[in-house]
Amino acid sequence: MITMKKFCLGIVVLLAISSAAQDNYKSPVPSKKQQAWHETEFYLFMHFGPNTFTDKEWGTGTEPEAIFNPTQLDCKQWCSTAKAAGAKGIIITAKHHDGFCLWPSNFSTHTVRESKWKDGKGDVLKELSQACREAGLKFGVYLSPWDRNHPDYGTDKYNTVFAGMMKEIFLNYGPIWEMWWDGANGEGPNGKIQEYDWKRYENIVKQYSPNTVVFSDIGPDIRWVGNENGIAGDPNWNFLDPDGFKRGEGAPPTDTLNQGNYRGRRWMPAECDVSIRPGWFWHANEDDKIKTPRQLFDIYIKSVGRGANLLLNVPPDSRGLISDKDIVALTGFKKLRDESFGNNLANDAKMYYQFAPQDVSFQTVDSNGAFGANLQNFMVEFPQKTKINCIVLKEAIRFGQTVRKFRIVFYKENKSVGEIKGTSIGRKRILTFPEKNINSFKVFLEDARGRDNISNVAAYLIDDKLVEK
Ligand code: FUL
């Protein structure tokens, strides 16, 4: 019997694919900061600002600052909510399209400083960055390039304003884990559209906060997934070729963003953003339209379960608190994940490998001992007949994403009782299927570019209602 640990170690080292399946394409690999980003898996988005008080989704930028006045703002409550939900970080709208800054920026007169909140002495970024640090959460900011308030918007001066705001944020509230550049771009107060100096902005990140991962339609570090439903493509390749494309209007087609480029040259994984409510900002009349734990679980399977990350928006209300109803949904979502993935039935299983694709037999790794042969396919054998409806596969993506096609065959008393097929695996692939009562299953890796690096396999019996039929 080999333990999961041994299995992980072994199979990472081994698996070369048959030469027939090879071509010259080589998977790019993630940078260190992208690798760390992948491991954050699930985190919260928070849309908060004047829109929270005006019941709008897109403020015009003409809202009086005085309307921003949360009565009970408590960033510790936001953080404890995120922690309890199993989220690893929070990304806040430091500035949305209306231009209002949640910190007292020296580059704007449309900020918390001009508001009534705390007599203009408040600073949401300061409170939240501190609360995140104390709670052990990552802290990220959404900084909308589009600004419907700033008088310089639409002129070259605005590039200095935006660059200056980024510097302020990096220097005063860092470390900033993720910088979120939204793609929406319209007219400013003078009717002009801005020509953004993206190179300059990217250089500010490199200079002031090189460990920050930057999200946008085309990265450079993380790509938009092409929809706002939180759903990654199937397949989902961690690659994108952004050359020739721009952010906003000139972005790659949404299906390309959704699935990535099959033979892409840049590692650029997808982040799935979605709101727990219909809107991004809090609206009292949406309190009864919060997604249910089951809906959130389904999104999790179609985002994290397809190798992407999930950025779930949970907007604070006009008191400056996450409402009880959102907390109930988040708690239920966490419970479903814990119950579903708490008992890995493959822990007690034996693992066998097929030492060459043309072999018909599977052998225990222990009996051979030598990893690094032409190994790819493997078998998981349970000690007794076992009911499962979910298998989780992982690739060791630090070596790239190489598996292109796989098939899982289920066996009951040595007879095949069905199979499922898949394409991409990536960091985590969660496969659900109608329940099978089986003795074993075999995973055939049918196509890969370069070595395949399956690093983990797990099997579960999850609540039948969570399985898409
Ligand atoms: C969009 C914005 O226009 C929405 O208001 C929201 O912030 C969403 C996450 O991104 O592009």
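Indexing begins at 1, ligand by ligand and atom by atom, following the structure's order.
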**Student:** Applying the ring-ring contact (aromatic ring centres under 6.0 Å, His included) criterion to Tyr158, which one of Tyr153, Trp146, Tyr201 satisfies it?
**Tutor:**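 Of the listed options, the one satisfying the test is Tyr153.
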
**Student:** Under 3.5 Å between some N or O of ligand 1 and some N or O of Trp280?
**Tutor:**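 No; the residue has no nitrogen or oxygen that sits under 3.5 Å from a nitrogen or oxygen of the ligand.
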
**Student:** What is the closest protein heavy atom to atom 3 (O) of ligand 1, and at what distance does it sit?
**Tutor:**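 Going by distance alone, atom 3 (O) of ligand 1 is nearest to His97 NE2, 2.8 Å.
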
**Student:** As an exercise, identify every atom of ligand 1 less than 4.0 angstrom from a heavy atom of His47.
**Tutor:**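 Answer, ordered by atom number: 6 (C), 7 (O), 9 (C).
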
**Student:** Are the aromatic rings of His47 and Phe45 close, with centres under 6.0 Å apart?
**Tutor:**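 For His47 and Phe45, the ring centres are under 6.0 Å apart.
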
**Student:** Quick one: does NZ or CZ of Arg247 land under 6.0 Å from the six-membered ring centre of Trp198, within 45 degrees of the ring axis?
**Tutor:**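 Verdict for Trp198: a cation-pi partner in Arg247.
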
**Student:** Taking the non-hydrogen atoms of Trp58, is any one of them nearer than 4.0 angstrom to ligand 1?
**Tutor:**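 For ligand 1, residue contact (heavy atoms, under 4.0 Å) with Trp58 is present.
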
**Student:** Tell me which protein heavy atom sits closest to atom 11 (O) of ligand 1, plus the residue, atom name and distance to 0.1 Å.
**Tutor:**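 Answer for atom 11 (O) of ligand 1: Asp182 OD1, 2.7 Å.
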
**Student:** Short list, please: which atoms of ligand 1 are under 4.0 Å from a heavy atom of His96?
**Tutor:**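 So the answer, numbered in order with elements, is 4 (C), 5 (O), 6 (C), 7 (O).
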
**Student:** Could you list the atoms of ligand 1 found under 4.0 angstrom from a heavy atom of Glu228?
**Tutor:**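 Checking each atom against Glu228, I get 1 (C), 8 (C), 10 (O), 11 (O).
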
**Student:** Given the ring of Trp103, does Arg113 sit roughly above its face, with NZ or CZ under 6.0 Å from the centre of the six-membered ring and within 45° of the axis?
**Tutor:**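 Pair Arg113/Trp103 does not count as cation-pi.
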
**Student:** Just by distance, with hydrogens left out, do Glu168 and Ser105 show a side-chain donor and acceptor under 3.5 Å apart?
**Tutor:**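 The answer is yes; a qualifying pair exists.
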
**Student:** For a ring-ring contact (aromatic ring centres under 6.0 Å, His included) with Phe48, tell me which candidate from Phe68, Trp117, Tyr142, Trp280 qualifies.
**Tutor:**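 Considering Phe68, Trp117, Tyr142, Trp280, a ring-ring contact (aromatic ring centres under 6.0 Å, His included) with Phe48 is found only for Phe68.
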
